[in-house]
Amino acid sequence: MSQVEIWQDQYRVRAQGLPGATLPWLVTLRERAMERFVAMGWPTRRKEDWHHTSLAFLEGQTFKVPMRGAAPPEESLMGRLREGGAGHWLVFVNGWFNAALSQIGSLPEGATVDTMPQALIGHAERVEAHYGSAEDGGSPAALNAALATDGAYVHLARGVAVEAPIHLVFIATIAEGASHVRNLVIAEDGAEATLVEHYLGTSATATLTNAVTRIHAGADSRITHLKLQQEAEQALHLASIDTQQGRGSVFNSHSLSFGARLARNDITTRFAGEHCETLFNGMYHVDGKRHVDHHTVIDHALPHGVSREYYRGILDGSARGVFSGRIKVAPGAVKSDAMQRADSLLLSRQAEADARPELEIYAADVKCAHGATVGQIDDDSLFYLRARGMDEAHARNLLTYAFAAEALARIGVAPLRNRARAALLARLPGGHLLEELTS
Amino acid sequence: MLDINDLRVSVDGKPILNGLSLHVKAGEVHAIMGPNGSGKSTLAQVLAGRDSFQVDGGTVTYDGEDLLTQPAEVRARAGVFLAFQYPVEIPGVSNAYFLKAAVNAVRRHRGLQELDAMDFLKRVKSEMKAVGMKEEFLYRSVNEGFSGGEKKRNEVLQMTLLEPKLAVLDETDSGLDIDALKVVADGVNRLRAPDRALIVITHYQRLLDYIVPDYVHVLANGTIVRSGGPELAAELEERGYAWLAKAPEEQAKGVTT
Amino acid sequence: MNAATKNIDSFLDREYSAGFVTDLESDSLPKGLSEATVRAISAKKHEPAFMLEWRLEAYRHWLTMTPPHWAQVGFPAIDFQDIVYYAAPKQKKDGPRSLDEVDPELLRTYEKLGVPLHERARLAGVVAVDAVFDSVSVGTTFQKQLAEKGIIFCSFSEAVREHPDLVRQYLGSVVPPGDNFYAALNSAVFSDGSFVYIPKGVRCPMELSTYFRINAQDTGQFERTLIIADEGAHVSYLEGCTAPMRDENQLHAAVVELVALKDARIKYSTVQNWYPGDKDGKGGIYNFVTKRGDCRGDRSHISWTQVETGSAITWKYPSVVLRGDDSVGEFYSVALTNNRQQADTGSKMTHMGRNTRSTIISKGISAGHGSNTFRGLVKVTPKAENARNYTQCDSLLIGEQCAAHTFPTIEAGNPSARVEHEATTSRIGEDQLFYAMQRGLSAEDAVSMIVSGFCKEVFKELPMEFAVEAQNLLGVSLEGSIG
C-alpha cells in the first residue's frame, strides 16, 4: 500500500469513532482535510519548505492509529516526570487521553482545562470558532485535521491568569502507532498562562506523532509555550504550533528538541493586532542519525510589533539540523522591530547544519536584522580550559553546554528551565560531571 | 536673541512641554536643569528643528524671526547649534568629510568663502588639539565606534568649527569623566562671547562648576518651575528636585531675562 | 513622512541619459524561435559544425524545460516566439576589418555613451573595449597590443572561428547548457559576446571591457562571455550596458563563464544600466543572467563586483565554485531599485577545496515601489576543510512602498567550516538625516552622503574608471566615503 492508501484506509476505518463524529461542521472539515492530504501526499523535497528534510524513508512504512487505552506506560513514569512539580497534568498515550495518569489541580474561575472530546461536547461552538480549517498548514496538518483523536482544550476567560504551568504530556508506546493530537488554547483578553508540550516515546520501533497546536492569544494576553521533544530513536515527529496574537499580546515560544529519527517543527505566529511582542527561542541537540528541522514564521502583519528569535543547534554524529526562519513585515507594518539569530555548532565530521534565515519586508519604516553562523568549538576556549587542567572531552562538553545555556537562560519559568537543563545534560556524554559546575 | 513664549509640545498625543517660556539675550549663558523626563531634551530638539514632535502652541523667535517654521538645516546655517545628547553614527562617512561639508554649508550661507581642503585641515587640526582629539578621528566614520567621551568631544569640536550664535548643549556632560568634562567645559568657555548665547542642559550641578551660568532654570513637568542665579544650582544639588515639583504653581515666577 | 524624506525620492529620480535610439538599418532574422532560427544564427556567423551541434543540443534541452518562477518577482509570461533573436547593423561587406571601417553612426553612438572606440589612452588609464551592438561585436580595440603578450581579446564569433580549440575546451564547462532555463536558451541562440584568454603567467597590462548596447526594437540580446585565466595570469574585466527607452520589455539573457587556473586572478566588474522602464513600470529590460566563475586551480581568485541600477527586472547570482585548494571567491554588490524595478540578485559560493574562503557583501537600496531581493547560498561540501565564509547583506529602505527581502541559505557539511551571515534592514536613518541637517547640510546632500557611506564597501572594489560611473548613476558622491 502506498502512504496515501494507508491513511485513506485508516480514515475509512476510524472516522466514525473520532470525537465529535456527529457534528456536521467537523465531519465536513475532516472529509475536506482528507481529500487535501490525498491530493498532496507527504511533502517531498521538491517543495521549498521541505528542501532539506526528506520523508522518503516513509515509503513502505506502515502506521496505524492505536485504540484507546492500548499499551499504557508503566505507572512510575509519571511520578518520575512530575518530580512532585506543581501544575496541571494532562497525559495522552498513543494519541488518547489517559485519565489515570492525569491530574488537574485547582484552577481559578474562568479557566477551563479539558480534553478535546469533552470540549466538543461542552463548548462545541467555541471549539468550532477556533478549531482551524482543512486548508491550514501543509499536508501533515491536513492529515491531523482528518484524523485527530484527542488533545487538550484550554480556555481562559478575560483577565484570568493560571499560575502553575499546564503540562501536556504525549507518550508513544506502540510500535507503528500513529498519534494525531490536536490542542487548542484560547486566551481571552488579558489572560495569562504557561503551557508545556512534552513528547516522549518508549517504543524502540517506528512511531509517528503528528501534532497540531493552535493558540489564540487575545489582546494584552501573555502566553508562554514550551515544547520539549524527547522521543525515541526511531520516532517520526511532525508538529505545528500556530499562534494568532491580539493587540499588545506577548507570546513566548521555546522549542527544545533532542530526539526522534526525524523531528519537524513548524512554529508560526501572526501579529493580528498592533504592539505585539514575541520571543522564539529554540535549542536542539541531536546525534546519531537524527534529524531536526525547525521552520518558523513570524508575521509582522500590523505595526509596532517586536520580535526576537534565537535558535541554537548542536549537531553530533551523523545528525542534521535544519533551521529556516522567516520574518515577514507586511505593507504598512511600520515601526516593526525584528531580530533573529541562528547559530549552529558542528561537533563531528558527518554532521550537517543548514540554515536559512529569511527577511521578507514590504514596509519602509522598520528595523530588522538577522545573523547566522555555523562553526565548531572555538580552539582558543578549548585550549584555555585544558591549560587549566580540564581534560579535552570534559572541556568540549562544557563548551557545548555553554553554547546551549544561552537558550536555556531565556526560559523565564525556573522549573521549566531546570527541566530543560536536565534534558540537555542527559544528552551530553559526561553531562553529570557538568551538573555541579553549572547549577 | 531667543524668545520662547508659552511653548506647548507633544509627541504621539502625549504632552511634553506645557507652556514653557524662556528669554535669552546675546552674551548670556542659561542653564536648564530638571529631573529625567521633565522635557529638557525635547526642548533642545524642538529648538533644533526635529520634526517628530508636534508643536501644539506658543511661539519661538530667534533674532526676530519665527524659528519653528524653518527646517533644521536653515536653523543650523543661521547659527543654531545643538550638541546632541546621543550623537548619531553615520557609517562609511568620514568625520573629515562631514565636518568640511557642514562648515562650508554654514559659510556659504554667511557669504563667506568656502574653505579648501588645505585651509580646512589646518583649522580642524588645531581645534582638535584644543579638545584633545587625535587626528585619526578625522578619518574614521562619523561617531562610529567612538566612546561616549570621544563622541562628546566631537560635538564640541563641531560647535567650535561652526561658530554658532546660539548653542544648545543637551546633557553634554553625561557619562563623562572629570578630564573629559573639563575639556568640554573649556571648549564651551572659549566660545563665550558678547554676541553669542548658550543654553546648557544638564542633570547635574557638576558641569556648572566649570561653566558658570548667568541664569539657572528648573524644568519640571514640561514647564519652568523656578529660575534664579548660579546659587540655585547649588541648592538643587543639595535638596534635589522633589521640593520644587510639589508645588509648581507657587514656585513658578516670571522668568528673568 | 517628514520634510527630509520627501526629498529622498526626488533625489533618486534621475533621467535615463542612455535612452536614445541609433538610426541604423539592421539585418535581422524574423521573430520567433525554432531549430531553423538556431541554424540561421550559426550560419550567419560561419560557425564550425561542432558549434552548431552544441547549439542544437542546447535548444532541444531548452524545449524540455519550463521557465522558472520566482516568488518575489512578478511579470507577465514571456512569449518566446515574439522575440527577434538576431539583429545586426547592416554592413556593406563581410564586416569591418578594422575600427576605421566601422559605421561612423555607430562610433558616434558609443562616443555619446562615453565609451571610447579609439585607441587613445584615457585619463584614468588604458582600457581595451569590445563593443557589442545588438547581436554582434562591432569592434575591439587594442587587440594588437594585447596579442603581443599572447592575450586573446576578441568577439566571441571571432574566437569560435580563430580559436576553436580553446572555445571547445572551455565553453559550457562552468555553466553547462542545461544549467537553467535561460542558460539553455542562451546556449542555443547566443549571437556574440567577448572572449578573453590570458596565457600562463601574464598579467594583463590594461583593463579589458565590453560595452553592451541593445538598439533594435523587439530584439533580445543573448551574449556569451568566456574568460580564461591560465596559471598565474591576472586580468581585470569591466562590463557596461545600456538600452534605448522603449515601451515594450526586452529580454537580455546572458551567460558569463570565468575559469581561473592555478594562481590565476580574475576581477569582473559590472555597471548594469539597462533601461529600467518608466515611472509606472512600462518598458525596460528583463535582465536574466547566469554568471559563474570556477576557481579550478589552487590559490586561484575570482572576484565579482556589480553596481546594478538599471533593468525592469534583474535576476542574477554571480557565483564562484571554489574547487582549488586555498582559492578565494568574492562578491560585492550594490543594487538600487526605484519606481517599479525588481531586482533578485545574490551569490552562490560552493566550497569544495581545502582552506577556501569566500566573502559576500551585498547592499540593496529600495526606493519608490522598488523591490530588492537577496538570495544567497553558501555550501560547504564535506571535503572542504577549513572553509570560511563571511556574508553581509544590508538593505536600505527609502520611500514608503518599497520592499526588501533577504533569503540566504547556509549548508555546512564540514565541522571545520566557519560560516557567518549578518543582515540588516533599516530605513534611511531619520536620526542621521536630522544630525546632518542640524549641521547645516541640505536634505539632498545628507541623503547622498548616507547612501554613499552605505555603499562604500562595494565602491572601493570598483576600478576607478567604473567608480566614477557608478557614483554618477547613484547620484552620490564618493568624496565622503572612506576608501
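Just so we're on the same page: letters track the sequence lines, and every chain starts at 1.
Here the straight-line distance linking atom CD of A/E360 with atom OG1 of C/T373 works out to 8.0 Å at 0.5 Å rounding. The CD1 atom of A/I361 lies 8.5 Å from the NE2 atom of C/H405; values are rounded to the nearest 0.5 Å. Between atom CZ of residue C/R427 and atom NZ of residue A/K367 there is a gap of 13.5 Å, rounded to the nearest 0.5 Å. With rounding to the nearest 0.5 Å, the separation of CG in C/N414 from CD in A/Q350 is 10.0 Å. In this structure, A/T373 OG1 and C/E420 CD are separated by 6.5 Å, a value rounded to the nearest 0.5 Å. How far OG1 of C/T406 is from CD1 of A/I327: 10.5 Å, rounded to the nearest 0.5 Å.
Using a 4.5 Å heavy-atom cutoff, the side chains of A/H52 and C/T409 are in contact.
Contacts of A/P331 with chain C are absent, with no heavy-atom separation under 4.5 Å from either backbone or side chain. Heavy atoms of A/A351 lying under 4.5 Å from chain C belong exclusively to its backbone. For C/S416, the parts lying under 4.5 angstrom from a heavy atom of chain A are both the backbone and the side chain. Only the backbone of C/A417 comes within contact range of chain A, with at least one heavy atom under 4.5 Å from a heavy atom of that chain. Interface residue A/A355: backbone and side-chain heavy atoms are both found under 4.5 Å from chain C.
Between A/S348 and C/P415, the shortest heavy-atom contact is O-CG, 3.3 Å. Residue C/P408 comes nearest to A/P357 through the heavy atom pair CD-O, 2.6 Å, listed as atom of the first residue, atom of the second, then distance. Taking both residues in full, the closest heavy atoms of C/A412 and A/D354 are given as N-OD1, 4.0 Å, listed atom of the first, atom of the second, then distance.
Comparing A/L347, A/V322, A/L346 by heavy-atom pairs within less than 4.5 Å of chain C, the highest count is held by A/L346. Considering only heavy-atom pairs separated by less than 4.5 Å from chain C, the leading option among A/G371, A/A369, A/A372 is A/A372.
Surrounding CZ of C/R357 are at most 12 heavy atoms belonging to other residues, nucleotides or ligands under 6.0 Å away. The environment of CZ in A/R308 is crowded: more than 12 heavy-atom neighbours from other residues, nucleotides or ligands sit within 6.0 Å.
Between C/E422 and A/R341 there is a salt bridge, since a side-chain N of the basic residue sits under 4.0 Å from a carboxylate O of the acidic one.
At a heavy-atom cut-off of under 4.5 Å, chain A is reached by C/P382, C/E385 from residues 379-393 of chain C, listed in order of number. Contact residues of residues 287-306 of chain A toward chain C are absent (heavy-atom distance under 4.5 Å).
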